[in-house]
Amino acid sequence: MNLSILIPLLNEDESIKELYTWIISVMKSNNYSYEILFIDDGSTDKSWAIIENLAAENPNVKGIRFMKNFGKSQALHAGFAKAQGDVIITMDADLQDSPEEIPGLYEMITTQNFDLVSGWKKKRYDSVVAKNLPSKLFNWAARKTSGVQLNDFNCGLKAYKNVVVKNVEVSGEMHRYIPVLAKNAGFNKIGEKVVQHQARKYGETKFGMDRFINGFLDLITIWFLSKFGKRPMHLFGALGSIMFIIGFFAAGFIGCSKLYHMYNGMRYSLVTNNPWFYISLTTMILGTQLFLAGFLGEIILQTKNNDKRYKVSKEIN
């Protein structure tokens, strides 16, 4: 099978049929073998009923329905697990991603041997203040932190080799950083393609300004995981050891200073009256706690399970 097209969605009943017709037109004109997988992330409108009708008409249409809204990352995770195509295309269901871009993305994967190609909506039709400027700042921070040189991390239109999606763990709200996760997994040939961005035709966006705040927090998380996710002891253990040693020697210096003053008949005060003693003691306690945090992190990594973070109520085809 040439293509698996994954479409996570939430309450997009107005656009699903139009998007499906558009995709089918592109598939037929290019003679692709394909599957279209709709992942309904807990919609409360008619989205699932429409998907069921499309699946009844076309056996290449498949569907996964979550019991409630678990988030886009979980929807992509479920889709990646089911995808069978040599190339996987992800796109949003709101008609802002153009299916006409699929052949170009497919060619970059199959002929230029990219592991992953991310769309770049260079010309956008969103609000400049509410979306464009925060997006530019977000993408700049993501480039600097991750080392992946993409201009538009958050573009939903992406293409992947099958082997990439089978080896990337998407959790939380990490769908923005799949290229970074792919790089951390060893897939280094990551490209970018300028794609057409279309104004939203139906409804309203499901994402508010909070996505940028969450995005920056996730960026910090993914930086930490890429550096120390496999060995938390390397960070917490090192910091804890350094703090404990500093506190220990500082407390030792205070104690030795008192003994020196006593031995030489000089004026001295109780160790407990010296505020630096408490600072040293606090430093040792914090150092011990950081060391234990790293130790517990190592134990958790060794014993963690991989339970799914979503519940599927129905599947089609």
D45 side-chain N/O to D13 backbone N/O, donor-acceptor pair under 3.5 Å:
yes

Identified salt bridge (Lys or Arg N to Asp or Glu O under 4.0 Å) counterpart of E315 within the set K82, R65, K62
K82

In this structure, NZ of K17 is separated from CG of L54 (nearest 0.5 Å) by 5.0 Å

After noting the C-alpha distance and the side-chain angles of F187 and N167, does the key distance pass the side-chain contact (heavy atoms from CB on, under 4.5 Å) rule?
CA-CA 10 Å; F187 300 102; N167 288 279; 4.0 Å; yes

Using every non-hydrogen atom in the two residues, find where I89 and L157 come nearest and quote the distance to one decimal.
CG2-CD1, 4.1 Å

Does the pair E192 and V117 meet the rule for a side-chain contact (heavy atoms from CB on, under 4.5 Å), with working shown?
CA-CA 5 Å; E192 190 169 46; V117 179; 5.8 Å; no

Which atoms form the tightest heavy-atom contact between S118 and L116, and what is the distance?
N-CD2, 3.9 Å

My understanding is that only one of K121, M91, Q96 makes a side chain to side chain contact (heavy atoms under 4.5 Å, CB included) with C155; could you say which?
K121

Please confirm whether the backbone N or O of G237 pairs with a side-chain atom of S241, one donor and one acceptor, at under 3.5 Å?
yes

Report the distance from atom CD1 of I178 to atom NE2 of H175, rounding to the nearest 0.5 Å.
8.0 Å

For D40 and S47, which heavy atoms make the closest approach, and how far apart are they?
OD2-CB, 4.3 Å

Are the side chain of T111 and the backbone N or O of E107 linked by a donor-acceptor pair below 3.5 Å?
yes

How far apart are the closest heavy atoms of I64 and A78, and which atoms are they?
CD1-O, 4.0 Å

Approximate separation, where rounding is to 0.5 Å, of S280 OG and F253 CZ
10.5 Å

To the nearest 0.5 Å, tell me how far N162 CG sits from I109 CD1.
11.0 Å

For the hydrophobic clusters of this structure (ILVMFWY residues joined by side-chain heavy atoms under 4.5 Å, transitively), does one cluster hold both I24 and I51?
yes

Donor-acceptor contact below 3.5 Å, side chain N274 vs main chain W276
yes

For residues P59 and N317, report the shortest heavy-atom separation together with the two atoms involved.
O-ND2, 3.4 Å

Determine whether a donor-acceptor pair (N or O, by modelled atom type, separation under 3.5 Å) exists between the side chain of K193 and the backbone of M108.
no

Minimum side-chain heavy-atom gap K158-P179 below 4.5 Å
yes

Quick check on the 6.0 Å ring-centre criterion: do Y160 and F80 meet it?
yes

Distance-only polar pair, side chains of N2 and S33, donor-acceptor under 3.5 Å
yes

What are the two closest heavy atoms between G156 and K72, and how far apart are they?
CA-NZ, 4.2 Å

So, N151 side chain and W120 main chain: donor-acceptor pair closer than 3.5 Å or not?
no

Does the pair I7 and I23 meet the rule for a side-chain contact (heavy atoms from CB on, under 4.5 Å), with working shown?
CA-CA 11 Å; I7 306 172; I23 292 173; 3.7 Å; yes

Has the side chain of N154 got a donor or acceptor atom that lies under 3.5 Å from a matching backbone atom of R176?
no

Check whether the side chains of K161 and N113 place a donor and an acceptor atom closer than 3.5 Å, and report yes or no.
yes

Are V163 and I88 connected, step by step, through hydrophobic side chains (Ile, Leu, Val, Met, Phe, Trp, Tyr) whose heavy atoms are closer than 4.5 Å?
yes

Give the cluster check for F244 versus I285: same hydrophobic cluster or not, with ILVMFWY residues linked at side-chain heavy-atom distances below 4.5 Å.
yes

Taking I39 as the starting point, is it possible to reach V312 by hopping between hydrophobic residues whose side chains are less than 4.5 Å apart?
yes

Closer than 3.5 angstrom, by distance alone: can the side chain of S43 be matched with the main-chain N or O of N11 as a donor-acceptor pair?
yes

Taking H77 for its side chain and S73 for its backbone only, find out whether a donor-acceptor pair lies under 3.5 Å.
no

Consider only side-chain heavy atoms of I, L, V, M, F, W and Y, link residues closer than 4.5 Å, and tell whether I299 and F291 are in one cluster.
yes

Which pairs with one or both residues in residues 11-66 pass ring pair (Phe, Tyr, Trp, His ring centres under 6.0 Å), sequence neighbours excluded?
Y32-Y106, F66-F70, F66-Y310

Any chance you could measure M243, atom CE, to Q289, atom CD, to the nearest 0.5 Å?
9.5 Å

L290 side, atom CG; L286 side, atom CG - distance, nearest 0.5 Å
6.5 Å

Does a donor on one side chain sit under 3.5 Å from an acceptor on the other, for E35 and S4?
yes

Does any donor atom in the side chain of N69 or D41 lie under 3.5 Å from an acceptor atom in the other side chain?
yes

